[in-house]
There are 2 protein chains.
Amino acid sequence: MDARTKFYQFVERQGLRHTGQREKILTIVLATEKHVSAQELYDLVQKKHKEIGYATVSRTLKLLADSGVCRIVDFGDGVHRYEHQYGHGHHDHLICTKCGMVAEIYSEELEEIQSKLVKKHGFVQTRHKLDIFGLCSKCKT
Amino acid sequence: MDARTKFYQFVERQGLRHTGQREKILTIVLATEKHVSAQELYDLVQKKHKEIGYATVSRTLKLLADSGVCRIVDFGDGVHRYEHQYGHGHHDHLICTKCGMVAEIYSEELEEIQSKLVKKHGFVQTRHKLDIFGLCSKCKT
DNA sequence: GTCAGATTTGATAATGGATATCATTATCAA
DNA sequence: TTGATAATGATATCCATTATCAAATCTGAC
């Protein structure tokens, strides 16, 4: 299912409404191939749609996360970042603590081991988040 | 090396000072076998030492994290939690999103795969953080 | 032990991101 | 078209963390 469909199905199921702002924000989110904070997204939105306020951007991001179109990325610096899940599936992050570069990583093996661990503890997994911090190849010397 | 030694070696190396407040806070942190926020720790400290202020607790936690005695646990709810690393080594977290229960998990296999992934990307790893969210055995029904 | 200089402390203010408020506007089923 | 209700945008509020600064404390030198 494509992102737009998924979002509006969610919106409808919740008894919410289809609005111009949500449409415009969703379009920009889907066109952005990196994680953005509410402030960063607001700046992007402002370039095209001066009339859309910060609160709406922030609320829409939350809605996108709730609908599963975006997921929240949190590197522990007090800022929530969001990234959409289309064109690239689940992945974890490798973050350079010097230059801030972020690489996406994925390993089937890793996912499997995690699943096993979770089952062993009697949990039902809904989501997980692995962030590895270090120095990238450029910064490590 | 024990936690106290590690902390004071760090403090000394940084040209900082050994103070009564740091000593008292460190003692309480080491006696607490779970992760605490600055506020929670402040409450604990207040029970024994009414004269120690919030700012000092907060600053000392940061120092403990910098020294490697504690590590920061951040579940993305905007609160920094800290846990000391003594008596139990590195571990990840399994968090129940319903009741808030937190289980510590560890897998050698998982750690190894992570190391391999990091190397493949040319990174040098300093730390990592894996949080798995889901429902615990009591809440999943 | 005392002193000088530097750090730490504690109370509180400032900061900053997220969320709440509320009057106005927009949506949508009937 | 309309009435009920959700959404918006500007701004206020919240809350954890961090900064500020005068007073207290620590530490090495004498």
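Sequence lines set the chain letters: A, B, ... in the order given, protein chains first and strands last, and positions in each chain run from 1.
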Peer 1: Give, ordered by number, those residues of residues 23-45 of chain B having at least one heavy-atom distance below 4.0 Å to an atom of DNA chain D; if nothing qualifies, reply none.
Peer 2: B:A38

Peer 1: Could you tell me if the side chain of B:Q114 sits less than 4.5 Å from the side chain of B:H128, heavy atoms only?
Peer 2: yes

Peer 1: In whole Å, I'd like the distance from the CG atom of B:L64 to the P atom of C:dT8.
Peer 2: 13 Å

Peer 1: Run the salt bridge (Lys or Arg N to Asp or Glu O under 4.0 Å) check on A:K62 and A:D66 step by step: do they pass?
Peer 2: CA-CA 6 Å; A:K62 184 169 176 8; A:D66 290 344; 3.5 Å; yes

Peer 1: Whole angstrom is fine here: how far is it from OH in A:Y8 over to P in D:dA7?
Peer 2: 12 Å

Peer 1: Any ion pair linking B:E51 and B:K24 (charged N to carboxylate O, less than 4.0 Å)?
Peer 2: yes

Peer 1: Mind checking whether B:L130 and B:I72 sit in one hydrophobic cluster, side chains of I, L, V, M, F, W, Y counted as touching below 4.5 Å?
Peer 2: no

Peer 1: For B:D74 and C:dG17, what is the distance between atoms CG and P respectively, to the nearest whole Å?
Peer 2: 15 Å

Peer 1: Check which hydrophobic residues are tied to A:V102 through side-chain heavy-atom contacts below 4.5 Å, counting indirect links as well, and list them.
Peer 2: A:V73, A:F75, A:I95, A:F133

Peer 1: What I want to check is whether the side chains of A:H49 and A:Q21 have a donor and an acceptor closer together than 3.5 Å.
Peer 2: no

Peer 1: Taking the hydrophobic residues Ile, Leu, Val, Met, Phe, Trp and Tyr, and joining any pair whose side-chain heavy atoms are under 4.5 Å apart, which ones share a cluster with A:V79?
Peer 2: none

Peer 1: Under a 3.5 Å cutoff on both atom distances, Watson-Crick or G-U, what's the dot-bracket for DNA chain C ([ ] crossing, | other strand)?
Peer 2: ||||||||||||||||||||||||||||||

Peer 1: For A:T60 and for B:R81, find the nucleotide of DNA chain D with the closest heavy atom, then tell me which residue's nucleotide is more 5'.
Peer 2: A:T60

Peer 1: Going by atom types only, do B:H91 and B:E83 share a side-chain donor-acceptor pair under 3.5 Å?
Peer 2: yes

Peer 1: Tell me yes or no: between the side chains of A:E33 and A:H84, is some donor less than 3.5 Å from an acceptor?
Peer 2: yes

Peer 1: CD of B:Q14 versus C1' of D:dC26: gap in Å, rounded?
Peer 2: 17 Å

Peer 1: Which pairs with one or both residues in residues 1-18 of chain B pass salt bridge (charged side-chain N to carboxylate O under 4.0 Å, His left out), sequence neighbours excluded?
Peer 2: B:R4-B:E23

Peer 1: Is it true that a side-chain atom of B:T32 and a backbone atom of B:I28 form a donor plus acceptor pair closer than 3.5 Å?
Peer 2: yes

Peer 1: Rounded to whole angstroms, how far apart are CG on A:L61 and C1' on D:dA7?
Peer 2: 16 Å

Peer 1: Would you mind building the protein contact string for nucleotides 19-30 of chain C? One character per nucleotide, 5' to 3', B for base within reach (heavy atoms under 4.0 Å), S for sugar-phosphate only, - for untouched.
Peer 2: BBB----BBS--

Peer 1: If you pin A:K50 and A:L63 to their nearest nucleotides in DNA chain D, which one's is more 5'?
Peer 2: A:L63

Peer 1: Quick one: B:D77 CG to D:dC15 P, roughly how many Å, whole number?
Peer 2: 13 Å

Peer 1: Is A:R22 near enough to D:dA6 that one of its side-chain N or O atoms lies under 4.0 angstrom from OP1 or OP2?
Peer 2: no

